[in-house]
Amino acid sequence: MTRRILGPLVRGSTYRRWAYLILGGAMFVPYLLLVAVVVPSVVPWGLDMTGSLLAGTVLALVVLFASSLIPAVRVLEGAAVREMLDDPAPGATFGPTGSMRVRLRSSAMFALHVLTGGVVSWLTIALPMAVAFSFGGPISGSIDLGGSVVVVPPGWASAWIPAVLAAGLVGLVYLVAGSGALLRRAAAALLGLPPAERIALLERRTERLAERNRLARELHDSVGHALSVVTLQAGAARRTLHRDPAVAERSLLAIEDSARAALDDLDHVLGLLREEAAGTAPQAGLDQLGALLSATEMAGTVVRAEVSGDFAGVPPVVSREAYRILQECLTNALRHAGRVPVAVRVSAGQRRLDLAVTNPVSGPETGTRGSGGRGLRGMAERVDVLRGDLRAGRANGNWEVAVSLPWGENTGREKTVGENVVEEKAMGERA
């Protein structure tokens with residue numbers, strides 16, 4: 001309870017809001033001068049002081065509304081709200097706009113800021129001065145408030161005045177905290193995006209995140225596989241360069257092929273990043289499985305492949321993801337198990353594609369789905385998007401990855417990048 005009561009006195013947000021209100025008070029000064037000085041001196045009518053102030057107030061409000069429609073004012077107000085009120089309208093943009101509704105809402109926020117800031121700024125200046133002058137009252141019997149002398153009883157009879165004014169300073173802090181909180185709510189209501197725009201913004205952000213994850217998987221699987229092959233073949237070429245030049249030449253040829261394939265994949269991913277529709281190579285699919293197995297064998301790994309079924313009926317999206325999964329499995333075998341025999345089984349059925357990769361493994365268990373490895377996590381994401389099943393783990397001294405990928409009526413339809421990433425993100429959240 002004590003923390004809740006004293007919280008506004010020590011929270012940093014209170015003093016950021018105070019700065020926001022003082023900024024509003026600074027912007028209030030020109031309108032105040034218009035009311036108090038300019039209008040009474042130029043109005044030709046025979047108005048008394050009250051009439052001049054009333055006319056000046058009306059004119060100042062008109063000028064306030066007109067100036068609030070200036071795009072630069074909207075930018076200034078948006079920056080102040082974002083920095084000093086802890087961004088109560090995330091995603092909102094501030095600047096020129098053709099929407100009168102948005103401009104009126106921004107004008108209302110600016111007016112609240114200026115008027116509330118003017119009051120709080122006056123109190124911020126007046127209260128400390130009053131407190132300082134009040135301490136002499138009990139001694140001299142009068143308080144000089146900048147030219148206005150207030151007579152007070154001398155002695156203890158007026159000792160309560162400095163205490164009350166000092167308490168008013170504490171109350172000013174609570175007033176600032178409360179005013180700032182109300183203005184923050186007003187900013188969220190007036191400057192925040194409508195629900196439809198917020199949903200659209202979240203969807204765009206989701207698409208970007210999903211696309212980044214997809215491209216990261218592509219780079220990890222394609223370039224990672226190529227680098228694993230290059231590393232092994234470079235070591236083989238170094239060891240056999242003088243002893244067996246023919247073997248060294250084959251290793252160098254494998255390095256060349258792997259590097260060229262990695263460059264093609266990298267060019268494809270960079271084309272997607274640059275949103276280039278043309279000039280990017282299509283992604284590899286199961287039709288290139290033979291080349292993948294050959295490249296793995298050239299790295300010194302014996303691959304026993306069992307392939308059955310007709311890949312022509314496999315939808316392109318399933319074929320591409322299956323290829324990447326197999327590529328990552330072979331990369332993990334090369335990287336973690338070394339040159340051990342690898343068994344690959346691929347079976348294409350009517351509505352399902354089954355994959356299995358098995359290799360001997362020794363040492364502590366690594367690479368499980370929950371261990372945080374990027375490769376297996378990437379495979380899990382690919383499988384989840386296609387509503388498939390993934391099993392990975394040790395069995396009888398072997399490491400086995402088994403994947404089952406079903407497809408339905410719409411799986412084979414080619415989709416745009418946006419459609420793919422939206423489905424990918426949605427399925428990832430569902431999983």
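Keep in mind it's a predicted model, so treat the numbers as computed, not measured. Numbers for residues simply follow the sequence, beginning at 1. All values below were derived from every heavy atom in this structure, side-chain atoms included, with hydrogens, water molecules and symmetry-related copies excluded.
I70 CD1 to R103 CZ: the interatomic distance, rounded to the nearest 0.5 Å, is 10.5 Å. E297 CD to L292 CG: the interatomic distance, rounded to the nearest 0.5 Å, is 10.0 Å. Between D384 atom CG and R377 atom CZ the span is 12.5 Å, to the nearest 0.5 Å. Separation of atoms CZ (R324) and CZ (R320) is listed at 10.0 Å; rounding is to 0.5 Å. Atom-to-atom distance recorded for L165:CG and M129:CE is 12.5 Å, nearest 0.5 angstrom. To the nearest 0.5 Å, atom CG of residue L23 and atom CG of residue L76 are 6.0 Å apart.
Across all their heavy atoms, I325 and R382 have their closest contact at CG1-CD, 4.1 Å. The shortest non-hydrogen separation linking V383 to D389 is CG1-N, 3.4 Å. Between L405 and A322, the shortest heavy-atom contact is CD1-CB, 4.1 Å. When every heavy atom of S121 is checked against every heavy atom of I22, the shortest pair comes out as OG-CA, 3.4 Å. Counting all heavy atoms, side chain and backbone alike, M379 lies closest to C329 at SD-SG, 3.6 Å. Of all the heavy atoms in P8 and A177, the pair that sits closest is CB-CB, 3.8 Å.
For Y323 (side chain) and D287 (main-chain N/O), no donor-acceptor pair under 3.5 Å exists by modelled atom type. Formation of a donor-acceptor pair under 3.5 Å by the S134 side chain with backbone atoms of V131 is found in this model. Side-chain N or O atoms of N398 include none that pairs as donor or acceptor with a backbone N or O of E400 at under 3.5 Å. Remark: side-chain polar atoms of R105 are paired, donor with acceptor, to backbone N or O of A189 under 3.5 angstrom. Here the side chain of R17 pairs no donor or acceptor atom with the backbone of L183 at under 3.5 angstrom. A donor-acceptor pair under 3.5 Å links the side-chain atoms of R184 to the main chain of L85, judged by distance alone.
With sequence neighbours left out, Y20 forms a ring pair (Phe, Tyr, Trp, His ring centres under 6.0 Å) with H113.
Side-chain contact between R74 and V102: present, with at least one pair of heavy atoms (C-beta onward) separated by less than 4.5 Å. At least one side-chain heavy atom of V29 sits under 4.5 Å from a side-chain heavy atom of L33. For the pair V361/R394, a side-chain contact is recorded, criterion being any heavy-atom separation below 4.5 Å from C-beta on. Residues S106 and L191 form a side-chain contact, since some pair of their non-hydrogen atoms from C-beta on lies under 4.5 Å apart. With a 4.5 Å cut-off on side-chain heavy atoms, L330 and V344 count as touching. A heavy-atom distance below 4.5 Å is not found between the side chains of V307 and L286. Residues V176 and Y15 form no side-chain contact, since every pair of their non-hydrogen atoms from C-beta on lies 4.5 Å or further apart. W18 is listed as a side-chain neighbour of T124, based on a closest heavy-atom distance under 4.5 Å.
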Quick one: do Y174 and I5 satisfy side chain to side chain contact (heavy atoms under 4.5 Å, CB included)? Show the steps, please.
CA-CA 10 Å; Y174 286 96; I5 294 174; 4.1 Å; yes
List the steps and the verdict of side chain to side chain contact (heavy atoms under 4.5 Å, CB included) for L386 and E321.
CA-CA 9 Å; L386 296 176; E321 298 303 308; 3.7 Å; yes
List the steps and the verdict of side chain to side chain contact (heavy atoms under 4.5 Å, CB included) for V401 and N332.
CA-CA 11 Å; V401 177; N332 286 341; over 6 Å; no
Intermediate values then yes/no, side chain to side chain contact (heavy atoms under 4.5 Å, CB included), L104 and F65
CA-CA 9 Å; L104 291 176; F65 173 74; 3.9 Å; yes
